[in-house]
K.L.:
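My questions will all concern the structure given below.
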Amino acid sequence: MMANLIQIGHVIARISRFTVTVQLGQQVVNAHLSNTGRNKELLRVGTPISIRRAANPARKTPYDILAVRRDGRWINIDSLAPNRVVRRALMAGQLKLPGCPLPYAVHPETKYRDSRLDFAGQAQNGQPWFVEVKGVTLANGTLAAFPDAPTARGLKHVHTLTHAAQAGYRAYLVFVVQMPGINRMTIYRERFPELAPAVTAAKAAGVKVLAYRCVTGPGQINLGARIHFDENLPFQEVRN
């Protein structure tokens, strides 16, 4: 998945939850951040950042943020990108759900119980399934972790997938690590202690947890290889 008309600037400051000021050549511009995470380690002053013009020229923030460059790699921080990447991979058969033969009928944004899950569908043999996607932008070396901020919504989705698995659906929690160079992924217990035991319980109920790294660039993000997931791995956040 490529984005057109990309420009590279440098972070000046995050001035609100959804707005970052960017030095773009001789200009200072405001760019929209489609990401509710903390991102403190990514949006440091002087960090290279890729942006593109918004589709609506009258918008207060005339640019959208796509990615930042840290530790020699582009990290996509567009929270909408993981769903687009997974949908494309499901439709193309690139992402194979364990226990569900290809091809898939794929339906986005499907309600189950009191939640909306990212995807529902049927396998070639008629087996119904649900997929919930979570983007991951927090890492230390080759280890990625989720979440970078407490997420009651994410916890609710894990509980919903657990109920679905117990009701006979195939249920999948898919983590999309929005950067290359990652080999393993875990749950950041210190940031949100309730999530790791919920994931463990979901796995015991039959929920499959899949994690993938990505191939990225200033305006590019594509699903890469599957990586090892273990919710019990220790994680320490990079502090500098």
K.L.:
Test your reading of the model: is there a side-chain donor-acceptor pair from Ser79 to the backbone of Ser34, 3.5 Å cut-off?
P.N.:
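Side chain of Ser79 to backbone of Ser34, a donor-acceptor pair under 3.5 Å: yes, one is there.
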K.L.:
Are the side chains of Ile75 and Thr216 in contact, using a 4.5 Å heavy-atom criterion?
P.N.:
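With C-beta onward as the side chain, the pair stays apart.
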K.L.:
Spell out, as yes or no, whether a donor-acceptor pair under 3.5 Å connects the side chain of Ser115 to the backbone of His157.
P.N.:
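Pair absent, no side-chain N/O of Ser115 close to backbone of His157.
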K.L.:
Return yes when atom NZ of Lys208 has more than 12 non-hydrogen atoms of other residues, nucleotides or ligands closer than 6.0 Å, and no otherwise.
P.N.:
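Atom NZ in Lys208 is not packed in, count stays at 12 or less.
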K.L.:
How long is the gap from CG on Asn30 to CD1 on Ile65, to the nearest 0.5 Å?
P.N.:
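Nearest 0.5 Å value for the CG-CD1 distance: 9.5 Å.
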K.L.:
Looking at every non-hydrogen atom in both residues, tell me the closest pair between Trp129 and Ala105 and how far apart they are.
P.N.:
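So the two residues come closest at CZ2-O, 3.6 Å.
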K.L.:
Go through the steps to decide whether Trp74 and Met179 satisfy the test side-chain contact (heavy atoms from CB on, under 4.5 Å), and finish with yes or no.
P.N.:
CA-CA 6 Å; Trp74 283 98; Met179 67 190 87; over 6 Å; no
K.L.:
Rounded to the nearest 0.5 Å, what separation is found between the CE atom of Met185 and the NE2 atom of His228?
P.N.:
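So the CE of Met185 and the NE2 of His228 are separated by 11.5 Å.
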K.L.:
About how many Å separate OG1 of Thr36 and CZ of Arg17, when rounded to the nearest 0.5 Å?
P.N.:
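Output value for this atom pair is 5.0 Å.
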K.L.:
Any salt bridge between Arg38 and Glu237, counting N to O under 4.0 Å?
P.N.:
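Yes, Arg38 and Glu237 are salt-bridged.
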K.L.:
Can you name the one residue among Ile227, Val85, Val174 that meets side-chain contact (heavy atoms from CB on, under 4.5 Å) with Tyr212?
P.N.:
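Exactly one option meets the side-chain contact (heavy atoms from CB on, under 4.5 Å) with Tyr212, and it is Val174.
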K.L.:
Would a hydrophobic clustering, with Ile, Leu, Val, Met, Phe, Trp and Tyr connected at side-chain separations under 4.5 Å, put Leu33 with Val29?
P.N.:
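Looking at the clustering, Val29 is in the same group as Leu33.
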K.L.:
Rounded to the nearest 0.5 Å, what separates atom CD1 in Ile12 from atom CG in Leu24?
P.N.:
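Going from CD1 on Ile12 over to CG on Leu24, the span is 9.5 Å.
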K.L.:
If two hydrophobic side chains count as joined below 4.5 Å and joins carry through other members, does Val86 share a cluster with Leu102?
P.N.:
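They do share one cluster, since a chain of ILVMFWY contacts under 4.5 Å joins Val86 to Leu102.
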K.L.:
We want to know whether Thr151 and Arg153 form a side-chain donor-acceptor pair, criterion being a heavy-atom distance below 3.5 angstrom.
P.N.:
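Their side chains do not contain a donor-acceptor pair, so the 3.5 Å distance test is not met.
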K.L.:
Test your reading of the model: is there a side-chain donor-acceptor pair from Thr47 to the backbone of Arg44, 3.5 Å cut-off?
P.N.:
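Yes.
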K.L.:
Spell out, as yes or no, whether a donor-acceptor pair under 3.5 Å connects the side chain of Asp148 to the backbone of Asn39.
P.N.:
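Yes, because the side chain of Asp148 sits within donor-acceptor range (under 3.5 Å) of the backbone of Asn39.
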K.L.:
Looking at Gly224, is its backbone amide N or carbonyl O close enough to the side chain of Arg213 to form a donor-acceptor pair, meaning the two atoms are under 3.5 Å apart?
P.N.:
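No; zero donor-acceptor contacts below 3.5 Å.
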K.L.:
Might you point out which heavy atoms bring Val158 and Ala202 nearest each other, and give the distance in Å?
P.N.:
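Looks like CG1-CB, 3.9 Å.
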K.L.:
Decide whether Phe18 and Val11 are clustered together by the hydrophobic rule: side chain heavy atoms of Ile, Leu, Val, Met, Phe, Trp, Tyr closer than 4.5 Å, transitively.
P.N.:
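No, no single cluster joins them.
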K.L.:
Do Ile8 and Arg69 have side chains that get closer than 4.5 Å, going by heavy atoms?
P.N.:
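Side-chain contact under 4.5 Å: no.
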K.L.:
Answer with yes or no after comparing the ring centroid distance for Phe119 and Tyr104 against a 6.0 Å cut-off, counting only values under it.
P.N.:
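Distance test on ring centres: not under 6.0 Å, no.
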K.L.:
Decide side-chain contact (heavy atoms from CB on, under 4.5 Å) for Thr110 and Leu117; before the verdict, give the C-alpha distance in whole Å, the side-chain angles of both, and the deciding distance to 0.1 Å.
P.N.:
CA-CA 5 Å; Thr110 300; Leu117 296 172; 5.6 Å; no
K.L.:
Determine whether Pro103 and Gln124 make a side-chain contact, defined as any pair of heavy atoms from C-beta on separated by less than 4.5 Å.
P.N.:
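They are in side-chain contact.
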K.L.:
When rounded to the nearest 0.5 angstrom, what distance separates CZ in Phe146 from CG in Leu173?
P.N.:
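Here the interatomic distance stands at 8.0 Å.
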K.L.:
Please check if the side chain of Asn140 supplies one atom and the backbone of Gln236 the other of a donor-acceptor pair under 3.5 Å.
P.N.:
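Pair found, side chain donor or acceptor close to backbone of Gln236.
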K.L.:
Does the side chain of Phe175 reach to within under 4.5 Å of the side chain of Pro82, using non-hydrogen atoms?
P.N.:
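Phe175 does not reach Pro82 side chain to side chain.
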K.L.:
Take atom CD in Glu190; do more than 12 heavy atoms of anything else shown fall under 6.0 Å from it?
P.N.:
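No, because the 6.0 Å sphere around CD of Glu190 holds 12 heavy atoms or fewer from other groups.
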K.L.:
Does a sphere of radius 6.0 Å around CD in Gln166 hold more than 12 heavy atoms from other residues, nucleotides or ligands, not counting ones at 6.0 Å or beyond?
P.N.:
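For Gln166, atom CD is crowded (more than 12 foreign heavy atoms under 6.0 Å).
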K.L.:
Please check if Val215 and Ile77 belong to a single hydrophobic cluster, counting links between Ile, Leu, Val, Met, Phe, Trp and Tyr side chain heavy atoms closer than 4.5 Å.
P.N.:
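In one cluster: no.
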K.L.:
Side chains of Leu97 and Arg170, heavy atoms from C-beta outward: is any pair under 4.5 Å?
P.N.:
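Side chain of Leu97 against side chain of Arg170, heavy atoms only: no contact under 4.5 Å found.
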K.L.:
Could you pull out all residues at least two apart from Lys203 that satisfy salt bridge (charged side-chain N to carboxylate O under 4.0 Å, His left out)?
P.N.:
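Listed in chain order: Glu231.
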K.L.:
According to a hydrophobic-cluster definition based on side-chain heavy atoms being under 4.5 Å apart (Ile, Leu, Val, Met, Phe, Trp, Tyr only), do Leu210 and Val176 belong together?
P.N.:
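Leu210 clusters together with Val176.
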K.L.:
If you apply the rule side-chain contact (heavy atoms from CB on, under 4.5 Å), what do you find for Phe235 with Ile187, and how did you get there?
P.N.:
CA-CA 8 Å; Phe235 180 79; Ile187 298 298; over 6 Å; no
K.L.:
Indicate yes or no: at least one non-hydrogen side-chain atom of Arg59 is less than 4.5 angstrom from one of Asp64.
P.N.:
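Arg59 vs Asp64: side chains touch.
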K.L.:
Would Asp78 and Arg84 count as a side-chain contact (heavy atoms from CB on, under 4.5 Å) here? Give the steps.
P.N.:
CA-CA 11 Å; Asp78 177 3; Arg84 292 195 293 262; 2.8 Å; yes
K.L.:
Examine distances only and state if a side-chain atom of Arg52 and a backbone atom of Leu5 form a donor-acceptor pair shorter than 3.5 Å.
P.N.:
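The answer is no, because no donor-acceptor pair under 3.5 Å joins these two groups.
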K.L.:
Between Lys134 and Pro147 (side chain of the first, backbone of the second, donor and acceptor by atom type, cut-off under 3.5 Å), is there such a pair?
P.N.:
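No, because the side chain of Lys134 does not come within donor-acceptor range (under 3.5 Å) of the backbone of Pro147.
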K.L.:
In terms of relative ring orientation, are Tyr169 and Tyr112 parallel, tilted or perpendicular, with 30° and 60° separating the classes?
P.N.:
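Tyr169 and Tyr112: perpendicular rings.
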K.L.:
Side-chain contact, heavy-atom cut-off 4.5 Å: Ile182 with Arg73?
P.N.:
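Result yes, sub-4.5 Å side-chain heavy-atom pair found.
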K.L.:
Going by side-chain heavy atoms closer than 4.5 Å, which hydrophobic residues are tied to Val45, directly or by a chain of links?
P.N.:
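Besides Val45, the cluster holds no residue at all.
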K.L.:
Quick one: are Glu41 and Leu138 in side-chain contact, heavy atoms under 4.5 Å?
P.N.:
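A side-chain contact under 4.5 Å exists here.
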K.L.:
What's the spacing between Leu143 CG and Tyr188 OH if we round to 0.5 Å?
P.N.:
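Spacing of CG (Leu143) from OH (Tyr188) equals 11.0 Å.
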K.L.:
Search all heavy atoms of Ala67 against all heavy atoms of Gly217 and return the closest pair with its distance.
P.N.:
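Closest pair (atom of Ala67, atom of Gly217, distance): CB-O, 4.1 Å.
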K.L.:
Check salt bridge (charged side-chain N to carboxylate O under 4.0 Å, His left out) between Arg87 and all other residues, then give those that pass, not counting sequence neighbours.
P.N.:
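Counting only residues at least two positions away or on another chain, Arg87 forms no salt bridge (charged side-chain N to carboxylate O under 4.0 Å, His left out).
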